[in-house]
Amino acid sequence: MSDEAVSLELLRAPVGTHDLMPGESDRWIALLAMFARHAQLYGYGLIQTPLFEDVRLFKRGVGTETEVVGKEMYEFEDRGGRAMALRPEGTASVVRAFLQARPTPPFRAWYAAPIFRYERPQAGRYRQHHQVGVEVLGISDPDVDVEVLGLAIDYLTGLGLQGFTLRLNSLGDGACRPQYLEALKAYLHDHERELCDVHAEKIDRNPLRILDCKTESCRSVSVSAPSMADALCDDCATHFERVTEGLEAGGISFLLDKRLVRGLDYYTRTCFEVTFDLGDGELTLLAGGRYDGLVEVLGGPPTPGIGFGSGIERVLLACDQQGVFDIPSKSPVVYVVDTTDGRAARDLVAEFRAGGIEAERGYGNRSMKSQFKTADRSGARFAVVIGERELEAGTVTIRDLRGDDEQIVIVRSEALKYLSDRSITAPEGSS
RNA sequence: GUGGGUAUAGCUCAGCUGGUUAGAGCGCCUGGUUGUGGUCCAGGAGGUCGCGGGUUCGAACCCCGUUACUCACCCCA
């Protein structure tokens, strides 16, 4: 490869990653604030865990048979020879942090974090994507399931999204799932030749996946396959009933989806997904469930857990499609135009900023016309002008760029007060 | 990992069956009297036509390779 080709590649973000640029990021800030607000209402505190962990954490917690861990992890060896991995999902790290700090349960945490999976990018799928999510540890009460789902729905609704579907299922637990899996495997082996090529060989390794397959052949087999929902033990059945009852009581609509399964091994009992219809296909905006065995698997005391993760990029994609949550990028309130030597602009923006007013200015000796052009494009509400006349008179000219061409001249020392009185909020975008 | 589509100016794209100095819109810069943006007018800057090789008198255009982007499958937020 030539040096030129190399340098061009260095100018690109790595495959499947994207830069979040100023302008677009205002929308992210608003989304995170929205999620943080709802999470706080439900009693969650922010948690931040490392971007990478010992690879064994994920292998043991998430499961080596899963695609996410088996084929899609970003693994690397650090300089000390330790096998590490960029986190491919959010839950394992939170549980690890919980076990390390040992706070008294119940433990509730929310997070916003980049997630890494080595896969081919496409619409709504990236090698680095970002999730907001929550985890609750230490409560097995089905009411927590209802609360977690309530938070998820509140968050999406708060963004203005509508028309998404909450899908719900129960995966059973250690008492009933093993028996069910045996029954399912037996059934699938009986119909082995009807399954699609991809799944025919997965019967013993990951039978649940087959229920999720969309091909005609698998679908027709799975329709009459035994379902977990019908094989739940009494405890699981009761739990699930309380969850659906709670959702109904809370006015949260959901769809019972007996074929819903999850790609990660640790889920038990309640599992769910929020999907969004994109016209030609569905997008999963949020997914999660209960994982009552995970803490133990990772070496901790028996501790129930539940949580979800929601892909920020996907949620924003859905917002785009519905034309909601369209947050304009931030503009300054005032733009200082200085056609003298710039000293007045230097002092004025400093004064305005100290007074809490977002201020920008022009640099270099550009013409008044071009500075005004820049002021307009900046989206500023006011232009504050310092020219020879103002400099001599100790005044400033203030022009309302978004109103009816009002322009006044006031003494310089009153500029801050004048602007403060009139600029509670910046105008949205440039006109 | 598999398959399809695409790659021309900062952005969105035209470039007829290969034929002179590669175009448009938007954006950007400058000007249209004296200190004023958002409309209008004039001018200007800006391109290794993704990269490498081949065919040809001649390639943005045809062929091969390669990289990236994109969509889909697997899987997933």
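Chain A is the first sequence line, chain B the second, and so forth, proteins listed ahead of strands; every chain is numbered from 1.
- The residue A/Y126 sits close to a base: some heavy atom pair falls under 4.0 Å.
- Every residue two or more places apart in sequence or in another chain that forms a side chain to side chain contact (heavy atoms under 4.5 Å, CB included) with A/D347 is listed here: A/R412.
- When heavy atoms are screened at a 4.0 angstrom cut-off, A/T339 is found touching no nucleic acid atom at all.
- The phosphate of B/U36 has neither OP1 nor OP2 within less than 4.0 Å of any side-chain N or O from A/Q371.
- For A/R56, the side chain to side chain contact (heavy atoms under 4.5 Å, CB included) test picks out A/D54, with sequence neighbours left out.
- A salt bridge links A/E358 to A/K330: one of the charged nitrogens lies within less than 4.0 Å of a carboxylate oxygen.
- Put simply, CZ on A/R399 is 11 Å from P on B/G38, counting in whole angstrom units.
- Distances shorter than 4.0 Å separate none of the side-chain N or O atoms of A/Q122 from OP1 or OP2 on B/C71.
- Rounded to whole Å, atom C1' of B/C76 lies 13 Å from atom CG of A/L285.
- With salt bridges taken as basic N to acidic carboxylate O contacts below 4.0 Å, none links A/K417 and A/E414.
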What pattern of brackets, bars and dots sums up RNA chain B from 5' to 3', given Watson-Crick or G-U wobble pairs under 3.5 Å, [ ] for crossing pairs and | for another strand?
-> (((((((..((((.....[...)))).(((((.......))))).....(((((..]....))))))))))))....
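- Using a 4.0 Å heavy-atom distance criterion, A/A123 is classed as a sugar-phosphate-only contact.
- Across all strands shown, A/V15 has heavy atoms under 4.0 Å from sugar-phosphate atoms exclusively, and none from any base.
- Under 4.0 Å is where a charged nitrogen must lie from a carboxylate oxygen, and between A/R290 and A/D145 at least one such pair does.
- Looking at residues 28-46 of chain A, you'll see that no heavy atom sits under 4.0 Å from any atom of RNA chain B.
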Expected rows: protein N/O vs nucleotides 1-9 of chain B N/O, under 3.5 Å:
from	atom 1	to	atom 2	distance (Å)
B/U2	O4	A/R120	NH1	3.3
B/U2	O4	A/R120	NH2	3.4
B/G3	O6	A/R120	NH2	3.4

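- In this entry the distance linking CG of A/L401 with P of B/U36 reads 14 Å, nearest Å.
- Side-chain atoms of A/R12 lie closest to B/A68 of the nucleotides B/A68, B/U36, B/U30.
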Using the side-chain contact (heavy atoms from CB on, under 4.5 Å) rule, take A/V68 and A/R117 through it: C-alpha gap first, then chi angles, then the decisive distance, then the call.
-> CA-CA 7 Å; A/V68 165; A/R117 289 178 197 169; 4.1 Å; yes
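- No side-chain donor-acceptor contact under 3.5 Å links A/E360 to the backbone of A/P332.
- A/L283 comes within contact range of no nucleotide atom at all, as no heavy-atom separation falls under 4.0 Å.
- A side-chain donor-acceptor contact under 3.5 Å links A/R353 to the backbone of A/A359.
- B/U12 and B/C73 have their P atoms separated by 25 Å, with the value rounded to a whole Å.
- Across all strands shown, A/Q128 has no heavy atoms under 4.0 Å from either base or sugar-phosphate atoms.
- One P atom belongs to B/G23, the other to B/C69, and the distance between them is 31 Å to the nearest Å.
- Between the side chain of A/N169 and the backbone N or O of A/L260, at least one donor-acceptor pair lies under 3.5 Å.
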Kindly give the atom pairs (protein nitrogen or oxygen, nucleotide nitrogen or oxygen) under 3.5 Å for nucleotides 39-42 of chain B.
none

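- In this structure, A/R167 pairs ionically with A/E282, as a charged nitrogen and a carboxylate oxygen lie closer than 4.0 Å.
- At whole-Å resolution of the value, CZ in A/R127 and C1' in B/C69 are 13 Å apart.
- Ionic pairing of A/E147 and A/R108 is present here: one or more N-O contacts between side-chain nitrogen and carboxylate oxygen are shorter than 4.0 angstrom.
- The closest donor-acceptor contact from the side chain of A/E273 to the backbone of A/T275 lies at 3.5 Å or more, if one exists at all.
- Other residues, nucleotides and ligands place more than 12 heavy atoms under 6.0 Å from the OH atom of A/Y74.
- Listed by first and then second residue, the salt bridge (charged side-chain N to carboxylate O under 4.0 Å, His left out) pairs involving residues 15-28 of chain A are A/R27-A/D320 (not counting sequence neighbours).
- For the segment residues 69-76 of chain A, the set of residues with a heavy atom within less than 4.0 Å of an atom of RNA chain B comprises A/E72, in numerical order.
- Taking atom C1' on both B/A22 and B/A68, the two are 24 Å apart, rounded to the nearest angstrom.
- Look at CD on A/E65: it is 13 Å from P on B/C76, rounded to the nearest Å.
- Proximity of A/R377 to the phosphate of B/C28: a side-chain N or O atom is located under 4.0 Å from OP1 or OP2.
- With sequence neighbours excluded, no residue forms a ring pair (Phe, Tyr, Trp, His ring centres under 6.0 Å) with A/H189.
- Among the protein residues, A/G124 comes within range of the nucleic acid bases, having at least one heavy atom under 4.0 Å from a base atom.
- Annotation: side chain to side chain contact (heavy atoms under 4.5 Å, CB included) contacts of A/L99 (sequence neighbours excluded): A/V95, A/R102, A/V295, A/L298, A/P301.
- Between A/G309 and A/Q131, the shortest heavy-atom contact is CA-OE1, 3.6 Å.
- The pair A/R259-A/D257 does not count as a salt bridge, with every side-chain nitrogen at least 4.0 angstrom from each carboxylate oxygen.
- The CD-P distance, from A/Q407 to B/G38, rounds to 15 Å in whole Å.
- Within the 4.0 angstrom heavy-atom criterion, only backbone atoms of the sugar-phosphate kind lie near A/S370; the bases stay farther away.
- As rounded to whole Å, 7 Å separates atom C1' of B/G38 from atom CZ of A/R402.
- Side-chain proximity of A/Q131 to B/U70, B/A77, B/G37: nearest is B/A77.
- Classified by interplanar angle (parallel below 30°, tilted 30° to 60°, perpendicular above 60°), the ring pair A/F98/A/F107 is tilted.
- Per the geometry, CD1 belonging to A/I408 stands 17 Å off C1' belonging to B/G35, to the nearest Å.
- Applying the side-chain hydrogen bond (donor to acceptor under 3.5 Å, both in side chains) test to residues at least two apart or on different chains, the pairs with a partner in residues 149-162 of chain A are A/Y42-A/D154.
- Within 4.0 Å of A/E67, counting heavy atoms only, lie sugar-phosphate atoms of the nucleic acid but no base atom.
- Shown for residues 256-278 of chain A: residues whose heavy atoms fall under 4.0 angstrom of RNA chain B, namely A/R262, A/G263.
- The minimum heavy-atom distance linking A/P88 with A/I115 is given by the pair O-CG2, 3.2 Å.
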